[in-house]
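Remember, it's 1-based here, ligands and their atoms both numbered in the order they're listed. No hydrogens, no waters, no symmetry mates; every other heavy atom, side chains included, goes into these values.
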Amino acid sequence: MSETSRKFLIGVLLLLLAGTFIGWLYGRPDWGLLGASLLVLFWLVRQLLAFERALRTDKFGDFRFGEGIWEQMLSKYRFERERAARRKKSFQLLLREVRKSTNAMPDGAVILDANNEIVNCNRAAKQLAGLKRKKDRGQRVDNILRAPELVELLQSNDYESSVEVQSPVDDGIWLNCRVVRYGADQKLLLLRDVTERIRLSKMRRDFVANASHELRSPLTVISGYLDVLSDDDSISDTWQNPVTQMRGQAARMRQILGELLELSRLESAGPAKSNEAVNVAELIGNSIQAFGGHANVAKIAIDVTSNAKLHGDSAEIETVIVNLLSNAIRHTPENGAITVSWQFSAEGADLVVADTGEGIDPEHIPRLTERFFRVDKGRSRDDGGIGLGLAIVKHVLARHDAELTVTSQSGAGSEFRCHFPPERLVISEPVPLS
Ligand code: ADP
């Protein structure tokens, strides 16, 4: 108990004692005590009402509280009030600084609640996506940014991936959108202007496509003359071998150009059409048959446990099978084994090409689908490898919402698994064959 509280209590007690004593002098101590109690009560009520009015009207000068407990309460209240005002001011300053720095950010940041409704956003979000802090507060962000990829990302609660969409303000602006978990059940939608990167990659794509296209015609002429020359018995023996080599190299160049053009087409095409039901089991059978006649080829087994069909492009899926199979054949010795499987499960379907061949060092696996990447450049070139096959496979799979997983160990064979999601399957079909 504080000194003031003690003094207050003693004062009240003394007053009650004095009342009782005076009452006792008149022969009625109880009346004396009652009178003193009423006096104390009257004084307390008056002070309390005055204190409440002072708090309400914020006019403390008009009231006299005297020294003691009321004065102490009053000064404590004033102290707390001033402290709260100081805190509020420093929070306001801090908030202003935070707002200034988020507004200075070149990237858009949008705070969303659990229902994807806008809570707040910075200035860049306004410039990049046309979001207005006050007007759009409480609006669902997917009603404003309507790109299907972004809607899907917001609904999926995927905090790892990002999507690229056109800005609703200007379709020449491309935005990279990422969602970050924020607070208890809030999210932060980050928008980054990637127009320049998209423009450069389009320029690169166009350049490769145009250069390949332009090189095709002169190469066709050169190849034509080389064909004629190689059939011409009148050319000297010294030229026989160079002409054959030139024909081989011209054919290789035609193959490179063809594959580069195919890659450019796949890169700029959207998702594969889904109205065709591709019979994967049949394509596997045909591809194996096509390779079957070749000499020095490892034994190829087929393991098709489902006749599930696929929504997609039949020619492209065949390219995937042929590329994976020809790789397996080129990298597996004659006494090795290759298995091509088509498996169905609740998670989708898998096209798997596995071999017992030379395998791949784990350090090379992440780079396999890069253009012109070859583990052993010299050897691969000798056996006809260009380094574009797996890049094509990756693009075809992306167009079919599928993913490629490579598992391999040097010297212990490889497995190339293409996983197709259930949405890509014709679900009335997948009856197990065995
Ligand atoms: P390439 O035309 O050289 O085969 P790819 O893009 O198809 O190009 O393959 C890239 C590289 O991946 C190959 O050069 C080879 O080193 C490696 N590779 C692909 N498939 C296999 C496999 N089944 N076994 C071992 N290495 C493989």
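- The shortest separation from a heavy atom of G357 to ligand 1 is not under 4.0 Å, leaving the residue out of contact.
- By the ring-ring contact (aromatic ring centres under 6.0 Å, His included) test, Y77 pairs with F60, sequence neighbours left out.
- Only the side chain of H331 comes within 4.0 Å of ligand 1, judged by heavy-atom distances.
- Within 6.0 Å of atom CZ in R6, more than 12 heavy atoms from other residues, nucleotides or ligands are found, so the atom counts as buried in its surroundings.
- Within the 4.0 Å heavy-atom cutoff, N323 does not count among the residues contacting ligand 1.
- Close N/O approach between R374 and ligand 1 is not found [any backbone or side-chain N/O within under 3.5 Å].
- Of the N and O atoms on the side chains of H419 and E403, not one donor lies less than 3.5 Å from an acceptor on the other residue.
- Side chain of N122 to main chain of A109: a donor-acceptor pair is present (N/O by atom type, distance under 3.5 Å, no hydrogens or angles).
- Looking at E358 next to ligand 1, no N or O pair under 3.5 Å apart turns up.
- The part of R330 lying near ligand 1 is the side chain, judged by heavy-atom distances below 4.0 Å.
- To the nearest 0.5 Å, atoms OG1 (T195) and NZ (K202) are separated by 13.5 Å.
- Remark: R216 CZ is loosely packed, at most 12 non-hydrogen atoms of other residues, nucleotides or ligands lying under 6.0 Å away.
- For atom 9 (O) of ligand 1, the candidate residues are L390, T369, V393; the nearest heavy-atom contact is made by L390.
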